[in-house]
Number of protein chains: 2
Amino acid sequence: METHNLETRKKELIEKIGVFYEKWGMQPVPARIIGLLLVTDKPYLTFDEITTELSVSKSAVSIAVNLLLNTEQIEYITLPGDRKRYFKSRITNWKDMVGSVLDFAKSYSSLFNEILEIRSDKDSEVNRSLNEIILFIEYIEEALPHLISNWEESKG
Amino acid sequence: METHNLETRKKELIEKIGVFYEKWGMQPVPARIIGLLLVTDKPYLTFDEITTELSVSKSAVSIAVNLLLNTEQIEYITLPGDRKRYFKSRITNWKDMVGSVLDFAKSYSSLFNEILEIRSDKDSEVNRSLNEIILFIEYIEEALPHLISNWEESKG
DNA sequence: TTTTTAGTTTATAAAATTATGAACTAAGTT
DNA sequence: AACTTAGTTCATAATTTTATAAACTAAAAA
């Protein structure tokens, strides 16, 4: 199989994407795999292509790929009579991401509820703010589906 | 000054808050300071109260407190004729946080624009998704101020 | 002027994370 | 049956992060 190397500019962008995701707590190798799968023009990359394009050990790729599969950030297909897995980014399922932002907001909300319960100074500034945030998150939770469907409509 | 120790349940909640923030990439000590300032009933805590409540060294508190001040997550007041700083959580300014969520979305958007520019396969699935995400973020950016003002109204 | 207070800075130690190579597995090929 | 492929697992090494103690600073108090 012809192994066509990515050019320097693409490699640089992969590093940049890597740093971007690292800042949000992702590990270096998974972050660069995400970048690689977004930058490459090939619809799918194999395990081996990932190791060679990123110059990273098989073990690192193995661990990273499984992490990204578990967190549903990448997926793979297989071809009949071919043991290799063909990986691609799951960015096409980006609407799920919006849902996970909401899940994040809700986990915040339930933590804040716990804080409210333990505080005895019931009418402090902090209590008022925590209450407001909890209510605002509920409001967003309700409004978001409408927002999305409005957007879907607006773009036809 | 009377030093009233926090009870076990509050200490446990501070650890839980700490772990919550750590999962989002925050360092342990800053994460626990955020928790402490949310859980305590005192309106303000001094540097020294933070070190003793969290059983953490002065240097760790010094570094953490400055990090949290720089990222505008806490603030402090001073009292006349008193060299101590009195720290509190900036959670009361939570509406600014909503703005920073948007900033985050915009930084995502500009990264995705860079990816689009470098890709040659202009009508792939990935290109369509990246484009959609960029447009959706623009839409949210426009819609959010209205959403907030509607909420402000609805709660009177 | 000396001491105390309220921190900051720095060198170092301890712990956790990350990456690697080598050995291994399990399926498919020759 | 031996070999190759497509990975996985594990022990170890390298790097980074985090925390500490101790020395330091700058202002205020005694």
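Sequence lines set the chain letters: A, B, ... in the order given, protein chains first and strands last, and positions in each chain run from 1.
From the 5' end on, the contacts that DNA chain D makes with chain B at under 4.0 Å to a non-hydrogen atom open and close at D:dT18 to D:dA28.
For the side chain to side chain donor-acceptor pair (under 3.5 Å) test, residues two or more places apart in sequence or in another chain that qualify with B:Ser120 are A:Asp41. Not a single side chain to side chain donor-acceptor pair (under 3.5 Å) links A:Lys58 to another residue, sequence neighbours left out. With sequence neighbours left out, the side chain to side chain donor-acceptor pair (under 3.5 Å) criterion links B:Glu75 to no other residue. Residues satisfying the side chain to side chain donor-acceptor pair (under 3.5 Å) test with A:Thr71, not counting sequence neighbours, are A:Gln73. Applying the salt bridge (charged side-chain N to carboxylate O under 4.0 Å, His left out) criterion to B:Asp96, with sequence neighbours excluded, gives B:Arg90.
Shown for residues 22-33 of chain B: residues whose heavy atoms fall under 4.0 angstrom of DNA chain D, namely B:Gln27, B:Pro28, B:Val29. Of the residues in residues 57-69 of chain B, those with a non-hydrogen atom less than 4.0 angstrom from any atom of DNA chain C are B:Lys58, B:Ser59, B:Ser62, B:Asn66.
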Please report, to 0.1 Å, the donor-acceptor pairs under 3.5 Å made by any side chain of residues 131-143 of chain A, with sequence neighbours excluded.
unit_1   : atom_1 : unit_2   : atom_2 : d
A:Asn131 : ND2    : A:Asn127 : O      : 3.4
A:Glu132 : OE1    : B:Trp94  : NE1    : 3.0
A:Glu132 : OE2    : B:Lys155 : NZ     : 3.0

Please report, to 0.1 Å, the donor-acceptor pairs under 3.5 Å made by any side chain of residues 98-106 of chain B, with sequence neighbours excluded.
unit_1   : atom_1 : unit_2  : atom_2 : d
B:Ser100 : OG     : B:Met97 : O      : 2.7

Pair up each side-chain donor or acceptor in residues 16-30 of chain A with any protein partner under 3.5 Å, not counting sequence neighbours, and list the distances.
unit_1  : atom_1 : unit_2   : atom_2 : d
A:Lys16 : NZ     : B:Glu114 : OE1    : 3.3
A:Lys16 : NZ     : B:Glu114 : OE2    : 2.5
A:Tyr21 : OH     : B:Tyr108 : OH     : 3.1
A:Glu22 : OE2    : A:Arg32  : NH1    : 2.8
A:Glu22 : OE2    : A:Arg32  : NH2    : 2.8

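Put simply, B:Arg85 has a side-chain N or O that comes within less than 4.0 Å of OP1 or OP2 on C:dG7.
Within the structure, no pair that satisfies the ring pair (Phe, Tyr, Trp, His ring centres under 6.0 Å) test touches residues 26-59 of chain A, not counting sequence neighbours.
Along DNA chain C, the nucleotide closest to B:Asp48 and the one closest to A:Gly81 are compared, and the more 5′ of them pairs with B:Asp48.
Remark: C1' of C:dT25 and CZ of A:Phe47 are 14 Å apart, rounded to the nearest angstrom. Atom pair B:Leu45:CG and C:dA6:P shows a separation of 15 Å (rounding to whole Å applied). Rounded to an integer number of Å, the gap from NZ of A:Lys84 to C1' of C:dG28 is 12 Å.
With salt bridges taken as basic N to acidic carboxylate O contacts below 4.0 Å, one links A:Glu152 and A:Lys95.
Annotation for B:Glu15: atom CD counts as buried by contact number, over 12 foreign heavy atoms lying within 6.0 Å.
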